[in-house]
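Numbers here are sequence positions counted from 1.
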Amino acid sequence: MDNLESQEMELLALQNIYEERDFKIDEMNPLSGRFAAQVRLPQSFLIRYRSFQGSLDSQDNEVHAEESFHIEHLPPIDLCFRFPETYPLQTCPAFLLSCNWLTLKQLSDLCRHLESVWDSNRDAILFTWFQFLQDEILDFLKINDSLDITELLKFKIQDNFRTRVPSNDESCDDSGGTATKDCSLQDMKTISEILNLKPSISGGCNSIDARAFNDMLNGKNLIQLLKDHNEKKKEEVFRTSTHVCNICFFTKEGSKFVTFRPCKHSFCIECIKLYFEGQIHEGNVNSLHCPDGECDSQADGSVVRQVVSKELYEKYDTIILSRTLEDMPDVRFCPRRLCQCPVLLDSCGRMGICAACNFVFCALCNMAYHGVAPCAFKEKVEEKLSLYQEYTKGNSAVKKGEEKRYGKRFIKEMVEDTLCENWKSSHSKTCPHCKASIEKIGLVFNKKTCFKCGTYFCYRCEVKLKPSDPYEHFRNSFHCLVSDVERREFDYVFEPEEFLNVNFL
């Protein structure tokens, strides 16, 4: 079997072994491709790093604190390869090994190890390489149960090329290898050209192997990148496995579940759909909590969109927007019933100009804007009493708001008038003829004479008495003779018969 037949059979076998997402053949060059090596980790793998705390010790050295987080999945190691004509018998495959959580030195050690494995076998080697990158890489690099990424946090893309830079005058040896040369950063090509590196047979003579490449642009993003990949991979694993819904207790595939992001609790879509639909129809958009009894996580918009229909989600989104705008102190809705568009108030919070209908209104009373004049007050007893109670029982902020709306003079007069009315209703009665307020002072007897019109009336029941015989009412209605409060001051109990023949002067 010649080299070409061996290469074609090896690629065909690898395509049958690995999924397409992990192993891909280049359509433009069928004898080249890439493999995404998913490194197998213990269930919980520790990522460690040291962060600068912004202080100095006694020797003026930077103080660092050890920090860490756990993950279950690391981003894959990418192996790009190309078969020279003399592979596998005479030449090692050309390759480029890239990873964002290993240093260039670690990647260089891996590249040289891969080359040595081929040199020991001188045969089809890709499957052996793939297995090594998946199962043995951590042991080879002496990484046990944690990975220190402190050095990588200072990494920049230019670090890949401090000792070597591809150029147009690269020379290929007879075996297909690419020679490299030392070059300063000033001679570097643009980043887009740099990222277009191709697999190489030779690793060069520098300490950093020419086939080692860190595909991260900036180390500052590494921590978030690792966390994001871990969460994405965990979701992928969850979707491809089966789980029990804690609401209906049916076992279903993970793809039929929805997860509340803050708490990570998952329930089947059918159960959550019924729950969400009932709450949204009733307008309880802020009650879409996690169904777990001990959890109060709120469902975000992406979860709601995933579960309910498009029409119901639009209703949910509209209610959420409306309530959010209502809670904003500098936003009002246009007072016109046919408009109701949200309006941003001016810097003083007094005036609003609707962009839809151009209505200029006062933000305090929702009437047409009236400038510095106080808001008009509807002289209704109920509204006046409501305003009095709101002002007298409110805190300083409420009082300032009412004074700003109606003016301090109006508020002062309103409070004084209300207090006067309250006193009059408690300590006086109204004349049944002219409606004048009559106060009863120091007299037990309930026969009163209006100071304004001279009408006789009963102070207890406010009945007008006959001018010819004003005492007839009391002879027939003994309970009106004296008031209840004043009668309780006497120990003697009067009998009705005692006053039948009494002539009152």
Atom [atom1] in [X], atom [atom2] in [Y]: separation rounded to 0.5 Å?
X      : Y      : atom1 : atom2 : result
Asn218 : Leu225 : CG    : CG    : 11.5 Å
Cys290 : Ile272 : SG    : CD1   : 7.5 Å
Arg261 : Asp300 : CZ    : CG    : 5.5 Å
Gln43  : Ile71  : CD    : CD1   : 13.5 Å

With a sphere of 6.0 Å drawn around [atom1] of [X], does it hold more than 12 non-hydrogen atoms of other residues, nucleotides or ligands?
X      : atom1 : value
Glu151 : CD    : no
Arg305 : CZ    : no
Lys232 : NZ    : no
Gln38  : CD    : yes
Lys273 : NZ    : no
Phe69  : CZ    : yes
Lys24  : NZ    : no

Scan the side chains in residues 274-281 for donor-acceptor partners under 3.5 Å anywhere in the protein, sequence neighbours excluded, and list what turns up.
| residue | atom | partner | partner atom | Å |
| --- | --- | --- | --- | --- |
| Tyr275 | OH | Ser287 | O | 2.9 |
| Tyr275 | OH | His289 | N | 3.1 |
| Tyr275 | OH | His289 | O | 3.1 |
| Gln279 | OE1 | Asn284 | ND2 | 3.1 |

Parallel, tilted or perpendicular, as decided by the 30° and 60° cut-offs, for the rings of [Y] and [X]:
X      : Y      : answer
Phe361 : Phe359 : parallel
Phe257 : Phe238 : perpendicular
Phe267 : His265 : perpendicular
Phe81  : Phe23  : parallel

message: Can you tell me which residue among Arg34, Arg211, Lys198 is in a side chain to side chain contact (heavy atoms under 4.5 Å, CB included) with Cys80?
response: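 By the side chain to side chain contact (heavy atoms under 4.5 Å, CB included) criterion, Cys80 pairs with just one of Arg34, Arg211, Lys198: Arg34.
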message: Could you check whether any side-chain heavy atom of Ile47 comes within less than 4.5 Å of a side-chain heavy atom of Ser146, counting everything from C-beta outward?
response: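 Ile47 vs Ser146: side chains apart.
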Taking [Y]'s backbone N and O only, do any of them form a donor-acceptor pair with [X]'s side chain (distance below 3.5 Å, no angle check)?
X      : Y      : result
Glu67  : Tyr49  : no
Gln106 : Thr103 : yes
Asn214 : Leu104 : no
Ser6   : Asn3   : no

field: Exercise: identify the closest heavy-atom pair between Glu115 and Trp129
entry: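 Distance-wise, the nearest heavy atoms are N-CZ2, 4.3 Å.
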